[in-house]
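Each chain gets a letter, A, B and so on, in the order the sequences are listed, and its residues count up from 1.
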Amino acid sequence: MHRWSQLFIPTLREAPADAEVASHKFLVRAGFIRQLATGIYSYLFLGQRSFNKIIGIVREEMDKIGQEFYLPALHPRELWESSGRWSVMGDTMFRLKDRKGADLCLGMTEEEVMTEIARKELRSYKQLPQIWYQIQSKFRDEARPKSGLLRVRQFLMKDSYSFDIDAAGLDVSYQKHHDAYCRIFDRCGLKYVVVEAHSGAMGGSQSHEFMVRTAAGEDQVVSCEKCNYAANMDKATSKLVPVEDLAATGDGNPLEVHTPGQKTIEDVARFLGVSPKNKIKTLALMVDEKDSKTGKVVPRPVVVLLRGDHQLNEAKLSSAVGGKETRPMQAEEIERLFWSPAGFLGPIGIEWARDVRQVERPILLVDNALEGRTNLISGANKEDYHLKNVTPGRDFQPTAYADLRSVTAGESCPNCSAPLRIDTAVEIGHIFKLGYKYSESMGARVLDRNGKEVTPIMGSYGIGIERILTAAIEQSNDENGFWLPPPIAPFEIVVTPTNVGDEKVKSVAEDIAQQLDAAGFEVLLDDRDERPGVKFKDADLVGIPYRVTVGKKVTEGTVEVVRRSTREMHDASIGAITGYFQQVLRPAR
RNA sequence: CGGGGCGUAGCGCAGCCUGGUAGCGCACCUGCCUUGGGCGCAGGGGGUCGUAGGUUCAAAUCCUAUCGCCCCGACCA
């Protein structure tokens with residue numbers, strides 16, 4: 001049993017001025033955390049208790065599917081060079097030198113370290129599958145840490161890695177993680193959604209994110225009101241309402257129209273009296289490609305066509321160009337390709353690559369929404385002119401059609417056609433089929449059944465420990481503070497004697513706390529010599545789900561039980577308290 | 001990295017424009033009082049005004065540089 005008067009729980013009446021989101025304000029006000037520097041926080045007593053409980057749950061569930069390791073956070077440069085990520089990670093990686101001048105870095109994830117162990121130690125298919133995990137600090141020099149513990153430079157992560165002999169084995173390891181994550185987040189009392197996620201640049205075959213919907217989040221999830229469809233913004237698709245095409249004019253072939261000074265989609269649509277949906281949006285971008293012979297990096301034009309009212313999704317575009325990054329073309333680059341200033345660009349009159357490998361020609365990517373459309377309006381590649389009657393496939397040949405746009409709220413679900421909603425969310429977990437990227441580049445090999453060398457296939461899986469707590473707070477707070485689900489709360493019950501000067505009140509509170517403690521509950525006795533108002537305010541603030549108030553009614557043998565989330569309050573006889581909490585906190589399963 | 005803002009007591013802020021005694025609320029300490037929602041009265045402690053340089057008889061205040069922190073954007077295996 002813990003006594004408040006002996007503890008360091010520095011609660012604050014006011015939130016620090018720079019705190020914006022609820023979890024940040026309350027974590028500081030409730031004395032869970034204190035900031036040391038931008039994106040770097042100390043965890044005080046209550047915070048650490050909460051994290052320890054979260055870690056306990058993660059560990060219990062992970063032990064059912066894998067084995068816990070503890071890996072170094074300090075890594076040699078050579079290790080990250082062996083996977084090629086020393087240069088890829090850029091400024092986000094913390095780097096330092098040792099006394100000999102050797103380069104080191106602080107770990108952002110641990111694929112390299114795990115794969116290094118696998119490479120050295122795994123020899124035979126008989127040793128597979130393996131699932132190895134750890135819970136450890138990760139370091140990322142984020143461009144912009146923010147929102148308290150939501151986006152920080154040092155944080156705790158449960159990261160695990162699976163090694164399987166083949167894709168079917170990976171499917172099993174992946175599913176085990178999926179199920180373990182569901183059990184973990186359920187036990188933590190979170191409401192979450194599992195969404196299909198963008199697999200990233202490396203062509204990983206499958207990826208899911210575990211998201212908690214909250215306004216404080218930085219990610220966007222698209223989900224269906226009716227069925228269980230849910231996806232990350234970078235992955236989501238929708239069914240579109242068909243658009244009525246314009247009638248052909250003149251002989252039906254592309255026809256120049258004078259559109260002086262009409263540069264934006266809206267301008268042109270208004271000027272010509274058509275909907276933006278009948279207009280082609282032409283985006284001029286560049287992608288850096290490596291020349292296969294010289295190895296030199298050469299910029300290559302990538303032109304993207306979208307329906308006029310649609311928005312480009314950069315992650316989808318990146319996937320479409322093989323995981324590379326794109327940038328907008330500069331004015332000279334636009335002139336060189338289109339012979340026209342921006343505002344009047346279009347696909348007609350340029351020789352586009354037949355497929356991506358035809359490197360001497362520019363790439364033309366056309367969004368699926370334009371496939372099969374006819375008589376669209378595009379720029380004419382001539383200042384102050386646009387073209388009517390533009391029909392994809394007839395008037396120009398795309399290098400490829402692809403899904404390139406972001407869905408918007410209200411569009412139809414791809415499965416059941418019900419309206420889609422878009423919410424901001426916090427990512428609390430991510431499971432990812434890595435494939436062969438690390439095992440291949442770092443040279444991990446095992447012998448299969450036939451004595452043939454094969455490369456094990458990997459998965460990697462992460463859980464943000466701090467984000468579980470912040471998401472829980474974002475989900476459950478009011479103007480007075482927050483309440484946590486009992487499994488992750490720093491204490492389950494706070495016993496609040498209203499007046500420790502009253503011997504009867506004091507001793508009953510003491511007895512109740514002792515009893516609850518003896519029965520195995522996590523109890524905090526607020527034995528401070530403070531006025532009741534102060535204690536109630538603090539009790540409401542710090543996230544403890546239940547309060548037992550011991551006050552005047554002790555003379556009648558009665559105390560009050562208050563449930564923080566609902567403010568529900570009822571009198572209970574002193575002798576019945578332990579039984580009551582047995583029922584609500586330890587129900588038989 | 002681009003744009004904006006802020007650094008004055010533990011927290012929240014005023015003072016700066018117009019240079020001259022460093023202030024307020026909360027918190028903290030002592031005493032009394034009070035005891036069901038941050039109570040009251042009295043007394044008290046605590047600040048190199050982020051740092052460095054400059055202007056001036058005199059700088060929290062004006063100028064320059066620098067560091068830190070926050071917000072928006074870019075970025076985010």
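- For the contact set between residues 4-21 of chain A and RNA chain B, defined by any heavy atom under 4.0 Å, the members are A:Arg13, A:Glu14, A:Ala15, A:Pro16, A:Ala17, A:Asp18, A:Glu20.
- Between A:Arg3 and A:Glu510 there is a salt bridge, since a side-chain N of the basic residue sits under 4.0 Å from a carboxylate O of the acidic one.
- B:G46 sits 12 Å from B:A27 when the C1' atoms are compared, rounded to a whole Å.
- Relative ring orientation between A:Phe163 and A:Trp132 is described as tilted, the plane-to-plane angle lying within the 30° to 60° band.
- Atom C1' of B:G37 sits at a distance of 49 Å from the matching atom of B:C1, rounded to the whole Å.
- Taking only side-chain nitrogens and oxygens, A:Lys535 never comes nearer than 4.0 Å to OP1 or OP2 of B:G37.
- A tilted orientation is assigned to the rings of A:Phe491 and A:Phe45, their planes being inclined by 30° to 60°.
- The A:Arg531 side chain lies nearest to B:U35 when the options are B:U35, B:C70, B:G37.
- In the region residues 27-36 of chain A, proximity to RNA chain B at under 4.0 angstrom, judged on heavy atoms, holds for A:Arg29, A:Gln35.
- Nucleotides of RNA chain B nearest to A:His24 and A:Gly501 differ in position, and the one nearer the 5' end is that of A:Gly501.
- Set against B:G36, B:G37, B:U35, the side chain of A:Thr549 has B:G36 as its closest nucleotide.
- With 3.5 Å as the limit, one finds no donor-acceptor pair spanning the side chains of A:Thr237 and A:Asp403.
- Using a 4.0 Å cut-off between charged nitrogen and carboxylate oxygen, A:Arg567 and A:Asp540 count as a salt-bridge pair.
- Considering only heavy atoms from C-beta on, A:Arg563 stays 4.5 Å or farther from A:Trp483 through its side chain.
- Position along RNA chain B of the nearest nucleotide to A:Val534 versus A:Met157 favours A:Val534 as the more 5'-ward residue.
- Nucleotides B:C6 and B:G50 are separated by 11 Å at their C1' atoms, to the nearest Å.
- Closest contact between the side chain of A:Glu560 and the listed nucleotides B:C75, B:G36, B:A77 involves B:G36.
- Distances were taken from every side-chain heavy atom of A:Ala37 (C-beta onward) to each of B:G37, B:C69, B:G38; the shortest belongs to B:C69.
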Handout entry: Verdict with reasoning, A:Glu111 to A:Lys437, per salt bridge (charged side-chain N to carboxylate O under 4.0 Å, His left out)
Key = CA-CA 10 Å; A:Glu111 279 85 356; A:Lys437 177 176 160 55; over 6 Å; no

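- Rounded to whole Å, the P atom of B:C67 lies 15 Å from the corresponding atom of B:U51.
- Nucleotides B:C62 and B:C26 are separated by 30 Å at their P atoms, to the nearest Å.
- Between the side chain of A:Asn499 and the base of B:G36, no donor-acceptor pair of N or O atoms lies under 3.5 Å.
- Across the P atoms, B:G68 and B:A52 are found 16 Å apart, a figure rounded to whole Å.
- Ring geometry for A:Phe51 versus A:Tyr43: interplanar angle of 30 to 60°, hence tilted.
- Here A:Arg144 reaches the OP1 or OP2 of B:C72: one of its side-chain N or O atoms lies under 4.0 Å away.
- Taking only distance into account, the side chain of A:Arg327 never meets the base of B:A74 through a donor-acceptor pair shorter than 3.5 Å.
- Comparing the same atom, P, in B:U66 and in B:G3 gives a spacing of 14 Å after rounding to whole Å.
- Other residues, nucleotides and ligands contribute only 12 or fewer heavy atoms inside 6.0 Å of the CG atom of A:Asp91.
- Syn is the classification of B:U21, since its glycosidic angle stays within 90° of 0.
- Using cut-offs of 30° and 60° for the angle between ring planes, the A:Phe210 and A:Tyr192 rings count as tilted.
- Among the nucleotides B:G36, B:C75, B:A74, the one closest to any side-chain atom of A:Pro532 is B:G36.
- Using P as the reference atom, B:C24 and B:A14 are 16 Å apart when rounded to the nearest Å.
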